[in-house]
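See below for the structure under consideration.
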Amino acid sequence: MSKHRLFAPLVVAGVILAACAAPPAPAPQAPQQPAAEPTQAAPAAPAQPAGDEPKVAGVDRRFDGVTLRAAFIGGGQYEKMYESIKDWEAATGAKVEIVYKGDGFEIDKKLKTDFAAGTGDYDVVWDHTSFFSQYIPFLEPLEKYFTPEELKDFSQAILKSATRDGHLWLIPRHADISVVHYRTDLYNNEQYKAEFKAKYGYDLAPPETWKQFFDHAEFFTGKEPGLFGTNFAGKEEALSGRFYEILVANGGKMLDENFKPAFNSEAGVKTAQFFRELYARKLVPADMTSLLWDGVANNFCQGNIAVHNEWFGWYSYFQDPKNCKVAGKFDLIRQPVGEGGIRSGWAGAHAFSIPASSKNKEAAAALIKFLTSEKIMYEEAKLGFLPVRDSVWARIIADAAKSDNPLDKKRLEIAQTAIANDFFAPPLIAEWIPLTNILTPKLQAIMLGDIDAKQGLDEAAAEVEKMLAEAGYYNK
Amino acid sequence: MLAPSLAIIAFVVVFPLVYSFYLSFTSYTLLKPVANWNNFANYQRLLQDPIFGQAFVNTLLFMFVTVNAAFLLGLFLSQAIARTIRGQSVLRTLLMVPMMFAPVMVGFQFRWFFNDQVGLVNNVLTSLGLLNGSIPWLVDRWLAMFSIGVAMVWMNAPVVAIILLAGTLSISPELYEAADVDGANSWQKFRSITYPLLGPFITIALTILSLDVARGYDIVSIMTGGGPAHRTELLWTYVPRVAIQESKFGLGAAMSFVTVIVTVAFTLYLFRQLLKSRIL
C-alpha cells in the first residue's frame, strides 16, 4: 500500500467559491468630490455655570409599534449609554433592537459591506468623524431633523467637521483627543530622577518633546519587571493615526493640497524611524503590532507602561483601583512638541447617523436626540469621555472643581487647551480608511525591520496615489 | 419536482457565483458600488501584486503542513485509543472536546496561549527555566504560522482520529490473529493490514479535514489577522482585506476566482492520485 500517497492537502473549491458570493449591486451613486482641507482647530468649550438638572430630549413624541434596528459600538465604557435606551422606549413606545455590536473597525467593515449590498436595514448606526465620509452616499442628511436651536449647544467645530457638501451627516456623541499619560510613581522616584539626569543630562520631567518621550521610553524600559517604556496601538487605522499625529508634529503632511501623498517626506521618514527604533530597541511590547486601543490601555492599566499616548475617555477606567494598578498613580500632559515645533492632537468624535434606507427616520432622529441629550451626555462624561455640548462641559467643570482629586480638574483644563490648540482631524475623504489600510501594513513592516523606512513609505505613497487617482482626485 | 430544487440552487449558488465572476471584470468598490467594466485589469493587477503571490504561497504551504500534521496526529491517536482496553469510551469523549469549540473561540484561546507577555506558553517555558524573556510567537513570521498551525491541528486532528478509530475497530480481528500466527510485529501489522484497510476512511477523513482547514478564516483572523505586515497573510485573510477593508470588491472577486481555478486544478490532480492509489 505504498501507493497511498495521501499526505497531501485536499483543497476544496466550494469553500472559496462561497467566499466569492457577491451581494446585489445597489443603484449607482454619483461620484464623490474631493473633500475640503482637514479640519484644523476646534475651540475649547467655555466654562459655564451649571444650571438645573440636565435635560433629556427626543421623548416628546410617541412612536408606538416602531422597532428601530441599530448597529452600535460595543465594549467597555461604551456600553453604559445603552442602559438608558429603556427609558426612551418607555417614553416613546418604540423598541430598539441593537442588531450589531463591534469595535469601530468592525462596524466600519460591516457598514461598508451592508451599505454597498443594500442590506443591513438599520435605522441608527454608530459613526465617527474619521469614518463617515465613506458612507455619505448611504446616509440621510440630518439638518432637516435637528433645528438650529437643538444644535446650538453642540461644539460647532465638531459639527463643522461632520458637515460635507452642505449637509450634516452625523450628530456627535462624545469627542476625544490625544493626551500623554505617565506614571507619577516612576517620574517622582528620586533614584530614577538622579539616574536619568546622569545618563541624559537633563531633568526627568513629563515629556515636552517627542525626543524626550523617546529618551523616557528608553530609560524606563526594564527598570521594573515587565515594564516597557511605552506602547502604541499597532494595527488598523490606529497605527496610521498615531504616525500621522507625530508626522504633523514633525512638520509633515499626510496629503498635500492636491491630495497627493506627502507622508514619504523627510519628516515622514523620521517619524517612521521613531517607531522603528522604539520597536528595534524593545522599548515597546513585541506584540504591539497586534494591539488596538483596549490592548494599549490595558497595558498601561496593569502598570506595564511608563508613558504613552492615550485618549481622555479611559480616565474612569484608569482611576478604578479595583481594575487598574495605576489608579491614583498617573498624570496627564499635553502632547509633546515635534521637530516641526508643533503639538498635534489627533482628534475625532463618536457619533450617530441615520441610513438613507431607514423607514423610521423620525423615530431614529428622536433616539439620537435622546442619546446625545444633555442628560445622557453628562452621564457619559462622568465616565471620562469628553462631551460635545457646552452645557455638559460646564457641568463637568463644576463637578471637577468640587472633587478631592486635583487631576479631575486638571484633565479638563488640558483637554480644553488641547482642543483649542492641538486639534487636528484626518482628511475628510472617503478614502481615509482605505488609505490607512495601505499605510498600516507598511508601517508595521518598517517597525519590524522588514523594509527600510524610506522604501516602505515610498511604496505606500505610490499605492495611495494610485488609489486616489482611480477615485477621481486627479490623473496619475 | 426537480424544477423548484434547481431554481433554488440556481438562485443560491449559481447566481452569486456568476455575478461575482462578472464583478471580477469591473471596477466595483464598496465606496462606489458601480460595476464599470474594466476588462482584465483586476486580473493583471493581482498578478503584479507581491502580497497576493506571498499569500498564495503561504496558503499552499500552510494547507500542506497543517493537513498532514493533523492527519498524522489523528492517525496516531486513533491507533493509540484502539489499543486501549480500559477507558476507551472516556478517551473517545475527551477526543471530541476540541470539536465542540467554535473556531472563533479556538482563535481567542490560542491567541492567549501564544501571547508574548501573559500567554500560557511563555509562562510555562519561563517557569520551567527554559526561557529568559519572552518569545513573540504571533509576530515572527514562522513562529506565527506555527502557532496558527498548532491551533488548526488541535481543532481538526480529533475529527480524523474519530473517523480512523471507527475504521480501525471495523477491521476483523481474525486478520490480526492470522498475522500473529505468521509472527508479524506491530509495525508490520499496521503497515500490511490496518493502513491498507483504512483507505476509504482516510479518504473521507482527508476530505473533511481539508474542508475544515480551508475554512480556517476565523482562527487566522482572530490570532493574527494576516499580520503583522502581511507576515501571516493567507488568501482567506487577504481577499477580505482587499475586498472589504480596502473596498476593492472587483479586485477581491478576481483574486477569489484565480484561487478557484488553481484549487479546482489541484483537486482534480489529487483525485487522480487517489484513483491511482485504488482508494476511490
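In what follows, chains are A, B, ... by sequence order, proteins preceding strands, each numbered from 1.
Put simply, the side chain of B:Asn115 reaches to within 4.5 Å of the side chain of A:Asp287, judged on heavy atoms. B:Leu138 is not listed as a side-chain neighbour of A:Ser290, based on a closest heavy-atom distance of 4.5 Å or more.
In plain terms, the two heavy atoms of A:Asp450 and B:Ala229 that are nearest each other are OD2-CB, 4.2 Å.
At a 4.5 Å heavy-atom cutoff, the contact between A:Glu236 and chain B is made by side-chain atoms alone. Neither the backbone nor the side chain of B:Asp140 comes within contact range of chain A, judged by heavy atoms closer than 4.5 Å. Within the 4.5 angstrom heavy-atom criterion, no atom of A:Asp108 approaches chain B. For A:Lys109, the parts lying near chain B are the backbone and the side chain together; criterion is any non-hydrogen pair under 4.5 Å. For B:Ile244, the parts sitting under 4.5 Å from any heavy atom of chain A are the backbone and the side chain alike.
Taking CD of A:Glu463 as the start and CG of B:Asp49 as the end, the distance is 7.5 Å to the nearest 0.5 Å.
When B:Gln117, B:Glu246, B:Met255 are compared by the number of non-hydrogen pairs under 4.5 Å with chain A, B:Gln117 comes out ahead.
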Requested in this report: Run the numbers on A:Glu431 and B:Leu31 for side-chain contact (heavy atoms from CB on, under 4.5 Å), then give the verdict.
Outcome: CA-CA 8 Å; A:Glu431 289 75 16; B:Leu31 301 181; 4.2 Å; yes

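Judged by distance alone, the side chain of A:Lys112 and the main-chain N or O of B:Ser247 form no donor-acceptor pair under 3.5 Å. Remark: the backbone N or O of B:Pro228 is not paired with any side-chain donor or acceptor of A:Lys235 at under 3.5 angstrom.
The one candidate from B:His230, B:Arg231, B:Glu233 that meets the side-chain contact (heavy atoms from CB on, under 4.5 Å) condition with A:Pro441 is B:His230.
Around atom CH2 of B:Trp142, no more than 12 heavy atoms belonging to other residues, nucleotides or ligands sit under 6.0 Å away.
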